[in-house]
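Keep in mind the model is a prediction, meaning the values are calculated, not measured. Each ligand, and each atom within it, is numbered from 1 in the order the structure gives.
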Amino acid sequence: MTHPFAAVLPAAGRGTRFGSEDKLLMNLCGKPLLWWTISVFGESPRISWVVVPVPPARLHKFKGLVASWEFEKYVQVIPGGAYRHLSVLEGLKVLPEETRWVAIHDADRPLLTPELLESVLDAAERVNAVIPAVPIKDTVKRVDLQERINETLPRGDLRAAQTPQVFELKFLRSALEALDPNEIPTDEASILEKIVATHAVAGSYENLKITTPEDLEYARWILAKRLDRRLEKGLRIGIGYDSHRIAEGRPLYLGGVQIPWDKGLVGHSDGDVLLHAVIDALLGASGGMDMGHHFPDTDPAYAGIRSTELFQRAWKDLKKEGYRLNNLDSVILAQEPKLAPHIQEIRQSLAALLEVSPNLIAVKAKTGEEMDSVGRGEGMAAHVAVTLVAGSY
Ligand code: MG
């Protein structure tokens with residue numbers, strides 16, 4: 001397999017101007033800032049390798065964190081260097097030999113969009129060295145040590161350089177290795193542009209570098225707006241319904257909780273009628289296909305599987321799309337056993353699965369008043385309603 005594109009995300013800075021060495025771990029709409037940055041590269045089908053150089057003293061912490069974020073792509077965390085370009089150089093050393101282009105991106109630019117990344121990668125295939133940049137809005141003055149203005153620079157041909165900056169690996173590596181040890185470049189292009197033609201493509205004013213605490217506030221606002229835009233309307237409602245037959249010698253699971261009883265529910269999985277209705281309600285709210293489509297009961301892979309496992313798979317995908325639970329209401333229909341003693345535990349279980357407070361979860365139980373199939377004790381059923389919102393906090 002060839003690996004044409006790799007990414008190095010230098011993250012070994014000290015956050016001096018931000019006032020905290022934990023800048024990259026600051027909460028940005030429910031996730032650490034660094035999570036957002038890595039996810040753009042982790043989800044790009046063209047990037048096959050992601051390397052994150054971090055402060056050597058915090059290597060263990062960052063390794064653990066990044067591993068816990070469970071990106072589908074392998075993300076390698078390595079000790080960085082004393083300066084940004086030294087961190088980049090360390091990153092280049094671990095890339096697979098067949099890497100042709102490498103994207104260097106500031107770990108503290110979490111608002112890079114997949115579209116901008118793609119456009120820079122496209123341009124790199126044509127010109128080999130490319131950076132995103134934006135026109136400067138303010139008029140730029142050069143001042144002396146007394147802050148006296150010496151010069152007004154012509155704004156028309158000035159650009160503010162952003163990242164990802166994408167280069168042919170062999171050029172970048174040799175340029176970094178040949179660098180005068182006293183020279184401390186602020187970006188990679190400033191080294192490369194002296195050697196190879198380096199082009200600017202249109203960047204984005206929203207591709208912010210989080211340098212000071214105000215930048216983080218602005219980033220939160222931009223990201224929340226984006227996440228809201230992902231949903232056509234702010235709130236999505238979903239309903240789910242399921243029913244299962246009762247049989248002797250089966251365990252009874254409701255909402256992921258095993259309820260002591262001498263009977264249980266028949267099903268291809270563990271027969272958790274409530275959790276199945278929850279999954280269908282969530283999928284419905286997102287506008288997706290139902291549970292049977294995702295986990296067909298003709299597939300032996302799901303035989304005897306715990307419904308909590310099915311739930312986790314569906315919920316992981318929904319979270320990736322930016323959804324979180326707003327609230328859930330449910331009714332379990334069962335003539336027997338008495339469910340009242342178990343209601344709180346079922347609420348807690350659903351709250352834990354959905355990563356919200358139990359205050360947002362309602363579980364009610366009704367008998368069938370001995371009238372219908374539920375009432376005659378032939379089966380159980382569950383109704384669930386949910387509302388989902390985008391992942392902005
Ligand atoms: Mg079912």
Check your understanding: Sorted by chain and residue number, which protein N/O/S atoms are under 2.8 Å from the Mg ion (ligand 1)?
Key -> D242 OD2, H244 NE2, H276 ND1
**Study point:** Contacts of R17 that satisfy side-chain hydrogen bond (donor to acceptor under 3.5 Å, both in side chains) - sequence neighbours left out
**Key:**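 Checked R17 against side-chain hydrogen bond (donor to acceptor under 3.5 Å, both in side chains); zero matches.
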Review point. Going by heavy atoms in the side chains, are L274 and L350 under 4.5 Å from each other?
Key: yes
Check your understanding: Can you tell if the side chain of Y218 reaches within under 4.5 Å of the side chain of L111, non-hydrogen atoms only?
Key ->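 Of all side-chain heavy-atom pairs linking L111 with Y218, none is under 4.5 Å.
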Point to revise | E168/R100 ion pair, N-O < 4.0 Å | key: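 Salt bridge flag = yes for R100 with E168.
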Practice item. Inspect the contact between R324 and E355 and indicate whether a charged nitrogen and a carboxylate oxygen are less than 4.0 angstrom apart. Key: no
Exercise for review: Could you point out which residue of F5, F167, F171 forms a side-chain contact (heavy atoms from CB on, under 4.5 Å) with W101?
Suggested key: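 The single option meeting the side-chain contact (heavy atoms from CB on, under 4.5 Å) with W101 is F5.
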